[in-house]
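What's counted below: heavy atoms across the whole structure, side chains too, no hydrogens, waters or symmetry copies. Each chain gets a letter, A, B and so on, in the order the sequences are listed, and its residues count up from 1.
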2 protein chains.
Amino acid sequence: MNKKYTIKDIAKLAGVSKGTVDRVLHKRGKVSPLALEKVNEVLNVIDYEPNLIARNLKNNKIYQICILLPDPEIDPYWLPCIQGIKDAVQEFKAYNILVETFYFNPEKTKSFTNTNETIIEKSPDAVLLAPLFHKETLDAIKKYDSLNIIVNTFNNQVESTLIKNFVGQDLFRSGRVAAKLLNTILIRGHIAIIHIDETYKNAIHMQEKERGFRNYFSEKEDLDYKITTLKLKSPNVEVTLKNFISENPDLAGVFITTSKAYQIAKTISEIKDKKIRIIGYDLIDENVNNLNLGVIDFLIHQNQKRQAYLGITYLVEHFLFHKETPAVTLLPIDIINSENADFYLE
Amino acid sequence: MNKKYTIKDIAKLAGVSKGTVDRVLHKRGKVSPLALEKVNEVLNVIDYEPNLIARNLKNNKIYQICILLPDPEIDPYWLPCIQGIKDAVQEFKAYNILVETFYFNPEKTKSFTNTNETIIEKSPDAVLLAPLFHKETLDAIKKYDSLNIIVNTFNNQVESTLIKNFVGQDLFRSGRVAAKLLNTILIRGHIAIIHIDETYKNAIHMQEKERGFRNYFSEKEDLDYKITTLKLKSPNVEVTLKNFISENPDLAGVFITTSKAYQIAKTISEIKDKKIRIIGYDLIDENVNNLNLGVIDFLIHQNQKRQAYLGITYLVEHFLFHKETPAVTLLPIDIINSENADFYLE
DNA sequence: ACAAAAAATGTGCTCGAACACACTTAAATA
DNA sequence: TATTTAAGTGTGTTCGAGCACATTTTTTGT
């Protein structure tokens, strides 16, 4: 009754050979209308699911997947990806899957293009990219596609029909989440959106978050908030911030669009006479410390680990099981406070 | 170089037959010390991973898994589990896995025991239980174990060495998360922990959450909060609550330990002169509506869908791939506001 | 009508692990 | 020493899908 039907079963039921059933199933042609009819009749009645185990046994090709991301030693934001990759490798080590990780220097465009060339020389079956540099990424994607190498991306969205899958987060929405959080903890007041200028470009990231943040408040115009955008540049972060705070004594909350909230937290925690609320991104150590100290109120988790893990998983499932991969996978925007942070770490 | 070694390869390298290698790998005995030595030497050098695909091909047993949970029509809390089960079934339908779902009436102990008996008659290979009734669960587990049926649990934790795996949440910690949230949005004030008395027993659930909640505040004794526990009984919920609010004009926040926060939200939203903050559990429709209306500030997501999904997945992986399952899997305690709720729904 | 070409169909082998069973060699017993 | 018993080893088959190739049937052309 609940038996799993095999091709042999279908062949017997239809009164043909398994070769014919196989041709029908794979639309390989060379089947008479009569035989086609008979097989289809059986297929309509029973619920045939090919046995994935048997299907893949024969296919002893080793699939090579390369994953390219910024060097976590230069930007610790990418550190959790390593574990995500490890998890995926562990999960699929019993299959013919070979995953190789490549790092590039996020501060240097050249490093990105060079690493892509190294990967191309390996001629893998698929590449998973963290596409930091827009133009160079498009070039790389074109090149990969011409060599029939599948390209998927994670973390940063790049519009291209050549990309099969993107895993990341809706940055606009994450800006809205941050806005709602500040709206919940502050009745009114002056809020600063702080972009800390990185040497490399994640400007689009920061802009999208700001857009979402402002969008939330623009929908509630009756609310009594003043919102200022503050761009801080690398050597002068602390000085500029201190000046801003003393010039704006009504400052009640800040939203930091990068993972550098701890830098702001340090300055703000030194102000003893009032509490300025802080919302930032990413569970890097310094941020979590400040969360536990009560200096940072919330962090938004971008789940890089799962991004990398899912990106690889989709590729493996594509190769091994011919599964359809969704064009875009948006991970949940996790809200973190001191009490639930543990569960999202490692 | 990166070739996958097979048993045949090992046999050739060790100068024995694949039968001998097989006996060594599975410790089936009947191997001479000399042969054992030779095979082990090869195994030490190469990194052998058995091909899971081939291993399972031969094993054409159909594994039957029964999952037992409260009827979602009676308690909508369990509704997301259906989707979690569906997802798991979909994922494993190509393998020999048969999942059958059973509902019991959470208000009737007898219904629980009866359904367990129905399952036992089916003699499945494993059962995944939502163990609502403590004593009856222990009896059922004992019975299952004596019949060599694997028992795993989800949602509710039951101490028993016979259980291979539990998937759920740390309720104590989730109480702490709620406490931290109220601590973040309220500077001071009177807070009420509200237990809405269900007809059936989830008393342990509610107690653990309260314990965690109070534990958080007990650690910060310098804070200016007053915490009251309020038990509301079914027909008089609204009246008792209204009385409490008028008797306690300093009430600033409530923490509802069940999924019935919307009931409280209704009453509280009618109070126009002040804002009482509300934190509750579970993304059921009425709660999410109140989240969007701004009446409920935060919901804590218990991720029932994933609980059911993971519970089944662990069993399948145990049967199919002989994977070790962790004794306890604690899901993250997701904090939900109006802006990120979408991502956790379905 | 008959050979040749084309179309349709069936057979048989492969993948790797698992295990039953046949077989060989060594040890134990009379 | 002959014979039983045990220990050790190798061979061969199975699982289901996929595909190459052999075989059969039908169609086409002369």
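- The interatomic distance linking Lys27(A) (NZ) with dC19(D) (P) rounds to 15 Å, in whole Å.
- Here Asp139(A) contributes atom CG and Asn116(A) contributes atom CG; the two are 9.5 Å apart, rounded to the nearest 0.5 Å.
- Judged purely by atom type and a 3.5 angstrom limit, Asn96(B) has no side-chain atom pairing as donor or acceptor with the backbone of Tyr63(B).
- Taking only side-chain nitrogens and oxygens, Tyr48(B) comes nearer than 4.0 Å to OP1 or OP2 of dA17(C).
- Between His26(B) and the phosphate of dA18(C), there is a side-chain N or O to OP1/OP2 separation shorter than 4.0 Å.
- Of the residues in residues 13-25 of chain B, Lys18(B), Asp22(B) come within less than 4.0 Å of DNA chain C through at least one heavy atom, sorted by number.
- Closest to the side chain of Thr6(A), from the set dA18(C), dG16(C), dA17(D), is dA17(D).
- Only one option out of Val328(B), Ile150(B), Val158(B) pairs with Ile163(B) in a side-chain contact (heavy atoms from CB on, under 4.5 Å); it is Val158(B).
- One atom, CG of Asn56(B), and another, C1' of dG16(D), lie 13 Å apart when rounded to the nearest Å.
- Residues Phe112(A) and Phe104(A) place their aromatic rings such that the two centres sit under 6.0 Å apart.
- Considering only side-chain atoms of Ala54(A), the nucleotide from dA18(C), dG16(D), dT9(C) that sits closest is dG16(D).
- Remark: P of dC15(C) and CG of Leu52(B) are 19 Å apart, rounded to the nearest angstrom.
- To the nearest angstrom, P of dT9(C) lies 20 Å from NZ of Lys12(A).
- Which of dG8(D), dA17(D), dA17(C) sits closest to the side chain of Pro50(A) comes down to dA17(D).
- One interatomic measurement links the two molecules: CZ of Arg28(A) to C1' of dG10(C), which rounds to 15 Å at whole-angstrom precision.
- Across the protein-nucleic acid pair, Leu57(A) atom CG and dA18(C) atom P stand 12 Å apart, rounded to whole Å.
- Atom CG in Asn51(A) sits roughly 20 Å away from atom P in dT14(C) (whole-Å rounding).
- Within the 3.5 Å criterion, the main-chain N or O of Gln302(B) finds a donor-acceptor partner in the side chain of Gln307(B).
- In this structure, Arg55(B) reaches the dA18(C) phosphate: one of its side-chain N or O atoms is under 4.0 Å from OP1 or OP2.
- Positionally, the nearest nucleotide of DNA chain D for Gly29(B) lies more toward the 5' end than for the other of Lys58(B) and Gly29(B).
- Summarising the geometry of Pro50(A) relative to Ala94(B), their closest heavy-atom pair is O-CB, 3.9 Å, with the distance given to 0.1 Å.
- Not one side-chain nitrogen or oxygen of Tyr5(B) sits closer than 4.0 Å to the OP1 or OP2 atom of dA17(C).
- Rounded to an integer number of Å, the gap from Tyr95(B) OH to dG16(D) C1' is 14 Å.
- In this structure, the side chain of Asp71(B) does not engage the main chain of Tyr103(B) through any donor-acceptor pair within 3.5 Å.
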